[in-house]
Structure formats: structure tokens, C-alpha cells
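Heads up, the thing below is written out as C-alpha cells.
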Amino acid sequence: VLINELSGLRVLEMRLRENLSLSEVIIVPGDSDKEPWIKNEMGKAAAMRLKLELIGHHVIAVTGGTTTASVAEMMTPGTKDQDLLFVPARGGLGEKVENQANTICSTMAAKARGKYRLLHLPDQLSKETYLSLMEEPGVKEVMELIHSASIVIHGIGDAKTMANRRNSSSAVLEKLEREKAVAEAFGYYFNQKGEVVHRVRTIGLQLNDLKHSDFIMAVAGGSSKAEAIAAFMKHGPKKVLVTDEGAANKLLSGT
Ligand code: F6P
């Protein structure tokens with residue numbers, strides 16, 4: 001039974017990879033919406049896949065969220081010749097401390113026995129503050145590291161869920177509704193076509209910067225995220241997706 005189940009998943013992975021034009025898809029059994037522990041399985045699968053990339057020197061940028069938090073928990077120390085530096089992909093997106101990129105980045109570094117650098121920034125930045133913070137030497141230095149990241153690990157969320165979780169203003173909520181936002185990643189909100197309809201102003205990796213990274217891994221699952229995953233992946237860049245069966249089935253059924 002297990003063998004059949006596994007080969008069924010491999011077929012699902014192949015179909016999803018073609019369907020979303022990704023380079024690689026890893027699917028764990030189950031639906032994390034129904035069984036929350038499936039998120040740990042995604043974390044484990046992501047950490048295992050990541051390990052294959054973590055040879056030599058790497059700067060790894062990570063985003064926040066509960067899914068990347070479970071990747072962090074599952075990381076294990078690597079070999080002696082590893083030289084890993086973890087940085088948050090972007091600062092201040094309105095998450096609780098345990099789900100912030102900074103926290104996840106330091107956990108990953110501790111578990112993988114790497115180093116880390118953090119970005120300490122307020123969530124809401126006015127344009128003036130943003131511009132002057134960008135001139136701070138400490139911020140500049142971390143920014144350069146972030147831009148040099150060879151590996152990016154990120155979550156994807158449903159637009160409405162994320163806007164509410166961040167206590168966004170009613171003006172923002174209305175805008176997202178009006179623009180029919182369905183997905184969120186890196187502080188950017190996307191419509192069904194994968195077009196950016198809104199973004200949170202914060203320092204760090206911008207969407208365009210992703211094209212400079214060699215290995216980009218999205219970790220997102222649960223059937224409720226199917227539409228968000230499809231929308232974000234339309235925007236590209238198209239790399240590795242770690243997800244669960246719940247999301248995969250819904251993505252392939254197109255509903
Ligand atoms: O806020 C950081 C973030 O990575 C978002 O970009 C993403 O939508 C969300 O977290 C995913 O969170 P979770 O894994 O908890 O669904």
C-alpha cells in the first residue's frame with residue numbers, strides 16, 4: 001500500500017511540476033489544513049532537500065511564517081566544510097515574533113550551526129524613514145548580504161489571510177478586495193494572474209532581486225493555499241516547490 005501511495009505522489013509531483021512550469025516539486029502526503037502536523041512533514045522534506053544545496057559557502061535568505069518556522073525546526077547540522085550565513089529576506093511585515101523572518105533565521109542558523117545577521121526594523125515605514133534607514137551603514141551591510149543570497153526559502157500565503165494576520169488597515173483591505181488579490185509572498189500581494197497589486201514597504205529582498213539567486217524554494221501547503229500558490233508561481237521565478245497533497249490535488253483539479 002505504501003509503495004503505491006508513494007508512486008502516486010511521484011506522479012502527482014510530475015504533473016504539478018509541468019502544470020506550474022517549475023523545476024522541481026516535492027509533495028508530502030496529507031493536507032496541512034486538516035492535520036496541522038503535516039506542516040512539520042513539509043518542513044522536514046524542505047530541510048532534507050535544502051541539505052543537498054548546503055555545501056560550501058552560502059548566504060541563505062528566509063521569509064517569515066509558520067511554514068518556514070517548521071523548516072527551521074527540522075534543520076540539522078551539516079558537514080565541517082559548510083559555511084552558512086542566514087539572513088531575513090525582508091524586514092518588518094507585521095508578523096508575531098515567533099513567525100518573523102528574524103526569528104526563523106536565527107533558529108535555522110542555530111540548528112544548522114551557521115551564522116546569522118538580522119534586520120531590526122519597524123513594521124510600518126514611511127517613505128522618509130525607509131529612505132533614511134537605507135543609508136544606515138548597519139542596514140546597508142545586511143542589505144548587501146541579502147542581495148548576495150544564493151539560496152532563498154520562502155512561504156506563500158492567501159492574500160486575505162495574510163492581510164488580516166498583519167492587522168492591515170481597512171484601506172489596504174479594501175484595496176486588496178478591489179484588486180482581487182489572492183496570493184501573498186515577500187510582502188507582495190498578487191491577483192490570480194500573478195500581477196502585483198500591492199506591496200508592503202520594507203527593506204530587504206524585492207521581487208526582482210530573486211532572479212539573482214540560484215536556488216529558490218517555496219514551502220506552502222494546505223488546500224486553502226492552492227489558488228495562492230498557482231497565482232504566485234505565474235509570476236515566477238519558477239524554481240522548487242515543497243507542498244502537500246491537499247494543495248497539490250486542488251491545484252491540479254483547477255478548482
Ligand atoms: O509574512 C511572511 C510570510 O512568509 C508571507 O510572505 C507568507 O504569505 C506567509 O508568511 C506564510 O505564512 P504561513 O506559512 O504561516 O502560512
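We count ligands from 1, going down the list as the structure has it; atoms in each ligand are counted the same way. On a predicted model such as this, the values are computed, not experimentally measured, just so you know.
Annotation for ligand 1: atoms under 4.0 Å from non-hydrogen atoms of R166 are 1 (O), 2 (C), 5 (C), 6 (O). The ligand atoms of ligand 1 that sit less than 4.0 angstrom from a heavy atom of T63 are 4 (O). Of all atoms in ligand 1, numbered sequentially from 1 with element shown, those under 4.0 Å from a heavy atom of G157 are 7 (C), 8 (O). Shown in contact with A185 at under 4.0 Å from a heavy atom are these atoms of ligand 1, numbered in order with element: 6 (O). For ligand 1 and F186, the ligand atoms under 4.0 Å from any heavy atom of the residue are 6 (O).
In terms of protein heavy atoms, atom 14 (O) of ligand 1 is closest to T67 OG1, 2.5 Å. In terms of protein heavy atoms, atom 4 (O) of ligand 1 is closest to G64 O, 2.7 Å. Among protein heavy atoms, atom 15 (O) of ligand 1 sits closest to T66 OG1, 2.5 Å.
In summary, the side chains of S224 and D33 do present a donor paired with an acceptor at a separation below 3.5 Å, with no hydrogens or angles considered. With hydrogens and angles left out, the side-chain atoms of N40 and S70 include no donor and acceptor closer than 3.5 Å.
At most 12 non-hydrogen atoms from other residues, nucleotides or ligands lie less than 6.0 angstrom from NZ of K44. Annotation for E98: atom CD counts as buried by contact number, over 12 foreign heavy atoms lying within 6.0 Å.
Shown here are the side-chain contact (heavy atoms from CB on, under 4.5 Å) partners of K175, two or more places apart in sequence or in another chain: R178, E179, H198.
To the nearest 0.5 Å, atoms CZ (R166) and CG (L93) are separated by 5.0 Å. Atom NZ of K180 sits about 10.0 Å away from atom NZ of K193, to the nearest 0.5 Å.
If you look at I156 next to ligand 1, the close heavy atoms, those under 4.0 Å, all belong to the backbone.
The pair E135-K140 counts as a salt bridge, with a side-chain nitrogen and a carboxylate oxygen less than 4.0 angstrom apart.
Assignment of E95 to the shell around ligand 1 is supported, since a heavy atom sits closer than 4.0 Å.
With K225, E184, R165 as candidates, the residue nearest to atom 7 (C) of ligand 1 on a non-hydrogen basis is E184.
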